[in-house]
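Data first, discussion second: the structure below is written as C-alpha cells.
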2 protein chains.
Amino acid sequence: MARPSGSDAGVTGPRVRAAAERLFARHGYAAVSMRQIAAEVGIGAGALYHYTPDKQTLLRDMMRDHLVKLTTAWAQTDPGGDAVTRLDAFARFHIRFHLDRPDAVFIAYMELRSLEPDAFAEIEALRKTYEAVPEALLRAGSATGVMQVADVKLAGMALIAMLTGVNTWYRDGGRLDRSAVEDVYARMALGMVGVQTVNA
Amino acid sequence: MARPSGSDAGVTGPRVRAAAERLFARHGYAAVSMRQIAAEVGIGAGALYHYTPDKQTLLRDMMRDHLVKLTTAWAQTDPGGDAVTRLDAFARFHIRFHLDRPDAVFIAYMELRSLEPDAFAEIEALRKTYEAVPEALLRAGSATGVMQVADVKLAGMALIAMLTGVNTWYRDGGRLDRSAVEDVYARMALGMVGVQTVNA
DNA sequence: CTTGGAATTGAACGGTCGTTCGGTCTATTG
DNA sequence: CAATAGACCGAACGACCGTTCAATTCCAAG
C-alpha cells in the first residue's frame with residue numbers, strides 16, 4: 001500500500017511542524033526521533049521528508065518563525081509615547097505572547113545548542129533584535145530621568161529574564177489569571193527601574 | 001591489554017563526573033553518549049560502569065549535589081537581621097554561586113525533563129526548598145512594611161529568574177566584573193519590591 | 001615474591017537513529 | 001476516462017546507542 005485516501009500535503013505539513021514542536025519542547029530535540037514525530041502525525045518516517053529536508057531544518061524553521069513573529073507582534077503592540085507607558089505595555093505584551101506559545105518559547109531558549117553553526121548565527125541575530133527592544137526603551141526612560149537605571153544593558157536582560165520566567169510556573173486555572181499576573185509583573189518591572197506606582 | 005599503568009579510581013571517578021557535567025551542559029543529556037564521556041576521560045566506555053550504575057544516575061547525582069550545595073551554601077551565608085539586608089545578601093549570593101558553576105546550573109534548569117519519575121520527584125523537591133528561601137524573606141519584609149510586595153510567590157519566582165538570568169550573558173573579562181554586576185542586580189532586586197536605594 | 005582484588009579493555013548484544021528509495025496508490029487535471 | 005503529479009509506505013542503509021562481560025593487567029598487601 002501507499003498514498004492512503006485522505007492524504008493532503010496542505011494538512012499534513014502543518015501537523016508535522018506542530019507535532020515536532022510539541023515533542024521537541026517536551027523531550028528535547030536530541031531525544032526526539034523522526035519516527036516519533038511521524039507516529040504522532042500518523043504517517044511513516046520516510047514521508048516526513050516531503051515536508052522538511054532534514055531534522056535540523058525542522059528546528060531551525062520553527063525557531064525562526066517564533067522569533068520573527070515575536071518582534072513583529074511587538075512592533076504592532078508598541079503604544080509609543082512616554083517610556084513608562086511603553087515599559088508597562090512591553091512587560092504585559094511579553095508575558096501574554098510567551099504564555100500563548102510555551103512550546104515555541106521553550107525551544108527557542110533551550111535548543112540554541114542543538115543548532116549547527118549557520119542556523120545558530122541566524123537565530124542568535126533574531127534574538128538580539130528582540131533584546132534591543134527593552135534596552136532602547138530603558139535608555140529613553142533613563143534619558144528623560146523618569147527611570148533610574150544603573151545599567152541599561154543589564155536592566156534589559158534582567159527584565160526579559162524575569163518576564164520569561166513566568167512560563168516556568170504559570171498554569172491556567174491557577175491562583176492568578178493572566179491579567180493578574182501581568183499586573184503584578186508590570187509593577188515589579190517598573191519598580192526595578194525606580195518607578196514607583198500607586199496603590200501598595 | 002587492560003588495566004593500564006597509572007589507573008586510579010580516586011582520580012578517575014571525579015574526572016568522569018566532571019566530563020559528564022561539561023558535556024551535558026554543552027550538548028544536552030540526550031545528545032551525549034557514554035562513549036563521548038569515556039573518550040573525554042581517556043578510558044573505554046565499559047569502564048564508566050565502575051563509577052555509575054547507568055547514565056541516568058550520573059545525571060541525577062550531579063543535580064542532587066548541585067542543589068544540596070546551593071541550599072547549604074545559602075544557610076551559611078544568610079546574614080540574618082532585617083529583611084532588606086538579607087535580600088541584598090541573597091541577590092549577591094545567588095549571582096556569585098551561580099556564576100561559579102555555570103554548567104551545573106544549566107543542567108539543573110534544563111535537564112529536569114531528562115529525569116525519570118523517581119529522580120524528578122527528588123530533584124524537584126530540592127528545587128522547591130531553595131525557592132522557599134526568597135519567598136520567606138519577602139514575606140518577612142512585607143510583614144514589617146519595609147517592602148511593598150503585591151504577591152510574595154510571584155515576586156520570589158521573578159527574583160530567582162532575574163538573578164539566574166545573569167548566567168546567560170555574563171562572561172569573565174566583559175564590561176563589568178562580578179561585583180559590579182552584583183551591585184546593579186541587588187539594587188534592581190530591592191527596587192522590584194519597592195525599596196528605594198540612595199545614589200541614583 | 002606471591003597473590004588477590006581493583007581498574008580497565010574491547011568485543012559483543014539487541015535496539016534505535018536519520019535518511020534514502022523504489023514501488024504503489026490517490027486525487028486532480030485535461 | 002486516461003494520464004500525470006505527488007503523497008505515502010515499508011524495507012533497507014550504515015552508524016551509533018547504553019550496557020554487559022570475559023579476559024587481562026596493574027597495584028598493594030602479606
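Everything quoted here is computed from the prediction, not taken from an experiment. Below, chains carry the letters A, B, ... as their sequence lines are ordered, and counting in each starts from 1.
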Between [N] atom [atom2] and [X] atom [atom1], what is the distance in whole Å?
{"X": "A/I43", "N": "D/dA7", "atom1": "CD1", "atom2": "P", "result": "11 Å"}
{"X": "B/Y29", "N": "D/dC17", "atom1": "OH", "atom2": "P", "result": "14 Å"}
{"X": "B/L48", "N": "D/dT19", "atom1": "CG", "atom2": "P", "result": "10 Å"}
{"X": "A/R35", "N": "D/dC8", "atom1": "CZ", "atom2": "P", "result": "18 Å"}
{"X": "A/R15", "N": "D/dC8", "atom1": "CZ", "atom2": "C1'", "result": "14 Å"}
{"X": "A/H50", "N": "C/dC21", "atom1": "NE2", "atom2": "P", "result": "12 Å"}
{"X": "A/Q56", "N": "C/dC17", "atom1": "CD", "atom2": "C1'", "result": "16 Å"}

Would you list the atom pairs, donor with acceptor, under 3.5 Å between side chains in residues 136-145 of chain B and any protein atom, with sequence neighbours excluded?
| unit_1 | atom_1 | unit_2 | atom_2 | d |
| --- | --- | --- | --- | --- |
| B/R139 | NH2 | B/E135 | OE2 | 3.1 |
| B/T144 | OG1 | B/G141 | O | 3.3 |

What nucleotide, of [options], holds the atom closest to the side chain of [X]?
{"X": "B/Y51", "options": "C/dT19, D/dC17, C/dA7", "value": "C/dA7"}
{"X": "A/T12", "options": "D/dC8, C/dT9, C/dT19", "value": "D/dC8"}
{"X": "B/Y49", "options": "C/dT20, C/dC17, D/dT19", "value": "D/dT19"}
{"X": "B/M34", "options": "D/dT19, C/dC17, C/dT19", "value": "D/dT19"}

Review point. So what does B/V32 touch, heavy atoms closer than 4.0 Å: a base, only the sugar-phosphate, or nothing?
Key: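 Since only primed, P, OP1 and OP2 atoms lie under 4.0 Å of B/V32, the category is sugar-phosphate.
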
Practice item. May I ask you to say what B/G44 touches in the nucleic acid, namely base, sugar-phosphate or nothing, with a heavy-atom cut-off under 4.0 Å? Key: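 Result for B/G44 = sugar-phosphate.
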
Review point. Going through the distances and angles, do A/Y130 and A/F90 end up as a ring-ring contact (aromatic ring centres under 6.0 Å, His included)?
Key: CA-CA 11 Å; A/Y130 184 67; A/F90 177 78; 5.8 Å; yes

Point to revise | Most 5' of B/A47 and B/K55 on DNA chain D, judged by nearest nucleotide | key: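 Closer to the 5' end of DNA chain D: B/K55.
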
Practice item. Identify whether NZ of Lys or CZ of Arg in B/R101 sits under 6.0 Å from the centre of the six-membered ring of B/F97 and within 45° of that ring's axis. Key: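 Relative to the ring axis of B/F97, which defines the angle, B/R101 lies inside both limits.
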
Check your understanding: Do the side-chain N and O atoms of A/D82 and A/T85 include a donor-acceptor pair separated by under 3.5 angstrom?
Key ->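 On atom types as modelled, these side chains qualify, holding a pair under 3.5 Å.
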
Check your understanding: OP1 or OP2 of C/dC17 sitting under 4.0 Å from any side-chain N/O of A/S33?
Key ->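 Result: yes.
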
Review point. Pairs in or reaching into residues 29-58 of chain A: which pass salt bridge (Lys or Arg N to Asp or Glu O under 4.0 Å), with residues at least two apart or in two chains?
Key: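 Non-adjacent pairs meeting salt bridge (Lys or Arg N to Asp or Glu O under 4.0 Å): A/R22-A/E40.
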
